Amino acid sequence: METTLTLVVDAANVVGSVPDGWWRDRFGATSRLRDHLAVLARDGLEVLDAGPGTPRVRPAIVLVAEGKARGLESVEGVAVIDAPGEGDDEVVAVVRRLLADDPGRTVVVATADRGLQDRVRTLGAGVMSARAVRHRRR
């Protein structure tokens, strides 16, 4: 069975991982993150330490937005989901749905929130740091 990789991004946490003035325009900062993720979805991610000639991984990407960042449209390669309440709860719900729909799927959540990391690990998801997704090269 082929494994599908889905990257679920905690938008508020990832945007907030770098003090670049995001608090002045949360919607704009989340829009820039979405656009960065779209390039990663299109071009793929490098598999670190995998050796030369390793194919790039092209993940499905889900960006979970909350608060003032809600209302951002999805783009090719990035599905944007508005959290009706707390973003963490919606990230957990997304992970549950993804794993229920396809138990062979690999789900990785990008967040620095340790409580959220623990919650999604319990469900079977992996985690990566918020900063890593912001600085991942195309």
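Just so it is clear, the model here is predicted, and its values are computed rather than measured. Just so it is clear, the values below take in all heavy atoms, side chains as well, and ignore hydrogens, waters and symmetry mates.
- Residue Leu98 holds its CG atom at 11.5 Å from OG1 of Thr106, rounded to the nearest 0.5 Å.
- Here Thr30 pairs with nothing under the side chain to side chain donor-acceptor pair (under 3.5 Å) rule; sequence neighbours left out.
- The distance from atom NE2 of His36 to atom CG of Leu63, rounded to the nearest 0.5 Å, is 11.5 Å.
- Here the closest heavy-atom approach between residue Ala83 and residue Glu86 is recorded as CB-O, 3.9 Å.
- For the pair Val95 and Leu123, the tightest heavy-atom approach, listed with the atom from each and the gap, is CG1-CD1, 3.9 Å.
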Test side chain to side chain contact (heavy atoms under 4.5 Å, CB included) on Asp10 and Val64 and set out the steps. CA-CA 5 Å; Asp10 176 1; Val64 178; 6.0 Å; no
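- With hydrophobic clusters built from ILVMFWY side chains whose heavy atoms lie under 4.5 angstrom apart, Val62 does not share a cluster with Val39.
- Remark: Gln117 engages no residue in a side chain to side chain donor-acceptor pair (under 3.5 Å) (not counting sequence neighbours).
- None of Val127, Leu7, Thr6 except one satisfies the side-chain contact (heavy atoms from CB on, under 4.5 Å) rule with Val108; the exception is Leu7.
- If you take NZ on Lys68 and CH2 on Trp23, they are separated by 14.0 Å, rounding to the nearest 0.5 Å.
- Residues Leu40 and Val94 do not share a hydrophobic cluster, defined by chaining ILVMFWY side chains whose heavy atoms lie under 4.5 Å apart.
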Evaluate the side chain to side chain contact (heavy atoms under 4.5 Å, CB included) criterion for residues Val15 and Arg26: first the C-alpha distance (whole Å), next the side-chain angles of each, then the deciding distance (0.1 Å), finally the verdict. CA-CA 8 Å; Val15 165; Arg26 292 171 195 244; over 6 Å; no
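- Considering every non-hydrogen atom in both Gly87 and Glu66, the closest pair reads CA-OE1, 3.2 Å.
- No chain of hydrophobic side-chain contacts below 4.5 Å, direct or via other Ile, Leu, Val, Met, Phe, Trp or Tyr residues, connects Met128 to Val8.
- Arg119 pairs in a side-chain hydrogen bond (donor to acceptor under 3.5 Å, both in side chains) with only one of the listed residues (Asp88, Asp113, Asp89), which is Asp89.
- Scored by the side chain to side chain contact (heavy atoms under 4.5 Å, CB included) test, Arg32 finds Ala29 as partners (sequence neighbours excluded).
- Hydrophobic cluster membership differs between Leu5 and Val91, with clusters built from Ile, Leu, Val, Met, Phe, Trp and Tyr side chains linked at under 4.5 angstrom.
- Rounding to the nearest 0.5 Å gives a distance of 11.5 Å between CZ of Arg105 and CZ of Arg97.
- Note: the hydrophobic cluster containing Ile61 also contains Val80 (ILVMFWY, side chain heavy atoms under 4.5 Å, direct or indirect links).
- Of all heavy-atom pairs spanning Ala41 and Gly77, the tightest one is CB-O, 3.5 Å.
- Looking at every heavy atom in both residues, Asn13 comes nearest to Ala130 through OD1-CB, 3.5 Å.
- Between the side chain of Arg121 and the backbone N or O of Gly126 there is no donor-acceptor pair closer than 3.5 Å.
- Listed here is the closest heavy atom pair of Ala125 and Leu99: N-CD1, 4.5 Å.
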